[in-house]
Amino acid sequence: MRYFELQDPPESKYVPRLKNWYGRFDVRDICPLGFPRLPERELFVIEPSERTIFTDVILFPFLLISPMVRDVIWMYREVCFYREIILLDQQSGLSRLYYLPVLDETSSIHLVGKQYKNRICILEPVPPKGKKVSIDRNLFWVRDKKKRHVVLSMDMAESLIRRNITGLGLKEVMLYHIPKES
């Protein structure tokens with residue numbers, strides 16, 4: 001199976017920027033164990049801008065998805081918890097409903113990205129120690145020392161692309177099991 005990591009697309013400079021988000025809730029609670037501590041619904045005011053595009057996927061400061069993306073996740077019967085997030089542009093009066101998904105997470109996988117130019121793979125990375133793996137999931141998080149990566153299967157990526165999802169940047173990755181040191 002092929003996998004892709006969600007990346008910031010070119011239109012990411014126009015996605016809504018949340019104001020005063022830090023401290024509203026603990027971002028460490030965005031995990032299956034901390035999920036019950038998250039508020040059921042939260043309202044965030046966004047930075048006013050005439051160029052704001054309410055994309056279907058927002059990656060910063062945490063993953064937010066539109067109702068259409070949530071419907072695709074449900075279609076694949078992925079185990080995922082949600083909290084409602086409302087984004088409000090006070091200047092224009094526009095608001096949009098998003099969902100904050102809480103996914104399964106692993107830190108036992110190493111992501112290795114491929115690089116393409118003109119649809120030709122120009123950099124096939126050297127595989128790290130460990131066996132290449134395939135996960136029986138279509139959507140999950142991979143945690144490394146620096147950040148949390150959102151990984152989805154090619155099937156789910158194609159389903160989202162067919163629905164003309166905005167804000168969907170993809171980078172092909174290979175998954176390798178991180179061997180335990182003895």
Side-chain angles (χ1 to χ4, degrees), residues 3-105 113 137-144 146-173:
Y3 296 95
F4 295 87
E5 178 186 358
L6 282 182
Q7 301 275 296
D8 283 325
E11 66 263 19
S12 67
K13 58 186 169 185
Y14 303 116
V15 300
R17 306 272 183 226
L18 282 62
K19 289 173 50 176
N20 303 323
W21 64 269
Y22 190 78
R24 296 283 291 275
F25 56 80
D26 192 343
V27 293
R28 293 174 294 188
D29 286 338
I30 304 174
C31 66
L33 293 176
F35 171 75
R37 292 188 291 269
L38 295 173
E40 298 241 355
R41 180 177 293 139
E42 188 72 40
L43 172 72
F44 287 100
V45 175
I46 62 171
E47 298 283 340
S49 172
E50 293 178 7
R51 294 183 167 203
T52 298
I53 300 171
F54 286 98
T55 57
D56 292 300
V57 177
I58 299 173
L59 293 177
F60 183 81
F62 32 79
L63 177 64
L64 295 174
I65 59 173
S66 70
M68 188 181 343
V69 175
R70 185 198 58 175
D71 292 345
V72 171
I73 294 170
W74 279 351
M75 183 178 76
Y76 280 88
R77 291 183 167 78
E78 285 297 317
V79 175
C80 185
F81 303 108
Y82 300 96
R83 291 297 193 217
E84 291 182 357
I85 304 290
I86 299 165
L87 300 185
L88 173 66
D89 182 345
Q90 288 181 316
Q91 183 175 344
S92 68
L94 291 175
S95 66
R96 292 287 186 281
L97 171 65
Y98 283 88
Y99 292 95
L100 170 68
V102 177
L103 309 172
D104 281 340
E105 181 175 55
R137 302 290 314 242
N138 288 293
L139 182 66
F140 53 94
W141 282 323
V142 172
R143 164 81 65 188
D144 65 16
K146 296 179 186 175
K147 69 180 249 185
R148 177 186 277 167
H149 304 270
V150 181
V151 179
L152 61 149
S153 69
M154 186 165 80
D155 292 342
M156 183 173 278
E158 287 176 343
S159 293
L160 293 169
I161 290 168
R162 283 189 195 115
R163 287 162 178 81
N164 295 319
I165 298 297
T166 58
L168 186 67
L170 299 172
K171 177 181 179 180
E172 186 174 0
V173 293

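Throughout, numbering of the chain's residues begins at 1 and tracks the sequence. What you see is a predicted model; the values in this text were computed from it and never measured.
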So, Asp104 and Arg137, do they make that salt bridge, N to O below 4.0 Å?
-> yes
Minimum side-chain heavy-atom gap Ile73-Met156 below 4.5 Å = yes
Would you say the side chain of Val27 lies within less than 4.5 Å of the side chain of Trp21, judging by non-hydrogen atoms?
-> yes
Measuring from Tyr82:OH to Tyr98:OH, what's the distance to the nearest 0.5 Å?
-> 15.5 Å
Heavy-atom distance under 4.5 Å between the side chains of Glu78 and Phe140, does that happen here?
-> no
Closest contact, heavy atoms only, Pro16 versus Leu87 | CB-CD1, 4.0 Å
Could you check Asp144 against Lys146 for salt bridge (Lys or Arg N to Asp or Glu O under 4.0 Å), going step by step and ending with a plain yes or no?
-> CA-CA 6 Å; Asp144 65 16; Lys146 296 179 186 175; over 6 Å; no
Rounded distance [0.5 Å steps], CD in Gln91 versus CD in Glu50 | 7.0 Å
With Leu168, the side-chain contact (heavy atoms from CB on, under 4.5 Å) member among Val69, Leu6, Thr55 | Leu6
CG/Leu63 to CD1/Ile58 distance, rounded to the nearest 0.5 angstrom?
-> 9.0 Å
Leu38/Val102 under side-chain contact (heavy atoms from CB on, under 4.5 Å): CA gap, chis, key distance, verdict | CA-CA 10 Å; Leu38 295 173; Val102 177; 4.2 Å; yes
Check whether any side-chain heavy atom of Leu18 lies under 4.5 Å from a side-chain heavy atom of Pro61, and answer yes or no.
-> yes
So, for Cys80 and Leu103, which heavy atoms are closest and what is the spacing to 0.1 Å?
-> SG-CD2, 3.3 Å
Is there a side-chain contact between Ile161 and Leu170, using heavy atoms and a 4.5 Å cut-off?
-> yes
Aromatic rings Phe62 and Phe44: how do their planes relate, parallel, tilted or perpendicular, breaks at 30° and 60°?
-> tilted
From Leu43 atom CG to Ile86 atom CD1, the distance as rounded to the nearest 0.5 Å | 6.0 Å
Looking at Arg96, Arg41, Arg70, which hits salt bridge (charged side-chain N to carboxylate O under 4.0 Å, His left out) with Glu84?
-> Arg41
Distance from Ser159 atom OG to Tyr76 atom OH, nearest 0.5 Å?
-> 2.5 Å
Which heavy atom in Lys19 sits nearest to a heavy atom in Pro48, and how many Å separate them?
-> CD-CD, 4.5 Å
Spatial distance of atom CD (Glu172) from atom OH (Tyr3) [nearest 0.5 Å] | 12.0 Å
Evaluate the criterion side-chain contact (heavy atoms from CB on, under 4.5 Å) for residue pair Val150 and Leu139; output intermediate values, then yes/no.
-> CA-CA 7 Å; Val150 181; Leu139 182 66; 4.0 Å; yes
When every non-hydrogen atom of Leu94 is compared with those of Phe54, the smallest separation belongs to CB-CE1, 4.2 Å
What closest approach, in Å, do Val173 and Gly113 show between heavy atoms, and which atom pair accounts for it?
-> CG1-CA, 4.0 Å
Under 6.0 Å from the CG atom of Asn20, do we count more than 12 heavy atoms belonging to anything else shown?
-> no
What is the minimum heavy-atom distance between Val72 and Arg163, and which atoms define it?
-> CG2-CD, 3.4 Å
